[in-house]
Amino acid sequence: MLIDGINYRTIWWNAETKSVQIIDQTVLPHAFETLHVTTVSEMVLAISEMRVRGAPLIGASAAWGMVLAMRENAGDAFLEQSASALCASRPTAVNLRWAVERMLDVLRPMLPADRPAAAHGLAEVICDEDVALNRSIGRHGAVILRKMHETSRRPVNVLTHCNAGWLATVDWGTALAPVYAAFDEGIPLHVWVDETRPRNQGAALTAWELGRHGVAHTVIADNAGGHLMQHGQVDIVIVGADRVTAQGDVCNKIGTYLKALAAFDNQIPFYAAVPSPTIDWRMKDGLREIPIEERSPDEVARISGRMADGKIGTVDLLPSGSSAANPAFDVTPARLVTGIMTERGIARPQDLRTLFHQER
Ligand code: MRU
């Protein structure tokens, strides 16, 4: 995506410094800074501290983490140890485990001397594939937005939760890929952006990237969506996902389930946009089986932003003595999901297996 005329991906190899370069998402939207990651333990930290975040991007980051590991020490023990550390860095998004397992399948049978180059090649492939999958999701999803505009003859109002734009992937995004594709085709659109407490990925990241692309958008408090739906101001909800099960249950940022309930009650279509590495064919019942990350209560108890003096600051929100809890994801059951937008097309949850030729 273009930032001030320069085409960026969210992660890339810097051959000069021999490091992985990432956009530091913890300082956006107030600063645009990149970081050099040079060891696998730095990559584990970058993922757990959410300097990189979003399911497809943490998958790509884990792949690059394995490259760094193999450059440090290509022996069997370090290979396994690095893979385990990366997998444990964030538990919910299946893309992370998917990428690490894909690397292990290639690296395990090899001689240590051959591993660094092979890991590097595969990490590049994983990144390029992510871009291609997301572009394809965009093309399929844009068909729905175009049809909505042709029927209503007014701008299409999309509501989205968290950040599932290009910052959450290597490029293009998942939920925002159809928005960008439709916008680039000239279809008039407006996006309601849930602020997405506690870390405010909507207010900080989605609003920033939509603004850079020129897409009309309005940030709303997380609790406003249901009201807007009741008053006909939302035509479609599109979210990303951290894991979709074989029966079409959708795990995504905490609060997604409430949006799906409100959409269902107001007969508004609710879609999840996911590349195939986000689908966990090994799991069926999302509520019972998907591990939900519990993050630090500090993320609920405090809030960061730009202070009046221009510096970034953090302030306390809670009375002293109050405790906070911070489940980071929730599961929307398939019965509330209108469709899953994928690189292969759009399927109802119950038809997802058929779309990907998976056996029951
Ligand atoms: O905690 P985060 O910011 O990594 O959560 C991200 C989300 O929930 C996204 O919606 C999801 O990963 C899909 S990203 C294309």
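Small disclaimer: the values here were computed from a predicted structure and weren't measured. First listed ligand is number 1; within each ligand, the first listed atom is number 1.
Aromatic pair Trp281/Phe356: ring centres closer than 6.0 Å.
Cation-pi check for Lys253 over Phe329 is met; the charged atom lies under 6.0 angstrom from the ring centroid and within 45 degrees of its normal.
For the 3.5 Å distance criterion, the side chains of Asn14 and Glu16 fail to qualify, holding no donor opposite an acceptor.
A distance limit of 4.0 angstrom between heavy atoms and ligand 1 selects the residues Met50, Arg53, Gly54, Ala55, Pro56, Arg90, Cys162, Asn163, Ala164, Ala168, Thr169, Thr174, Gln201, Gly240, Ala241, Asp242, Asn252, Lys253, Phe329.
Taking the salt bridge (charged side-chain N to carboxylate O under 4.0 Å, His left out) definition, one finds that Asp105 meets it with nothing, sequence neighbours left out. Listed by chain and residue number, Asp24, Arg51, Arg199 satisfy the side-chain contact (heavy atoms from CB on, under 4.5 Å) test with Thr26 (two or more places apart in sequence, or in another chain).
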In residues 300-310, what donor-acceptor pairs under 3.5 Å come from side-chain atoms, sequence neighbours left out?
from	atom 1	to	atom 2	distance (Å)
Arg302	NE	Asp316	OD1	2.9
Ser304	OG	Thr314	OG1	2.9
Asp309	OD1	Lys311	N	2.9

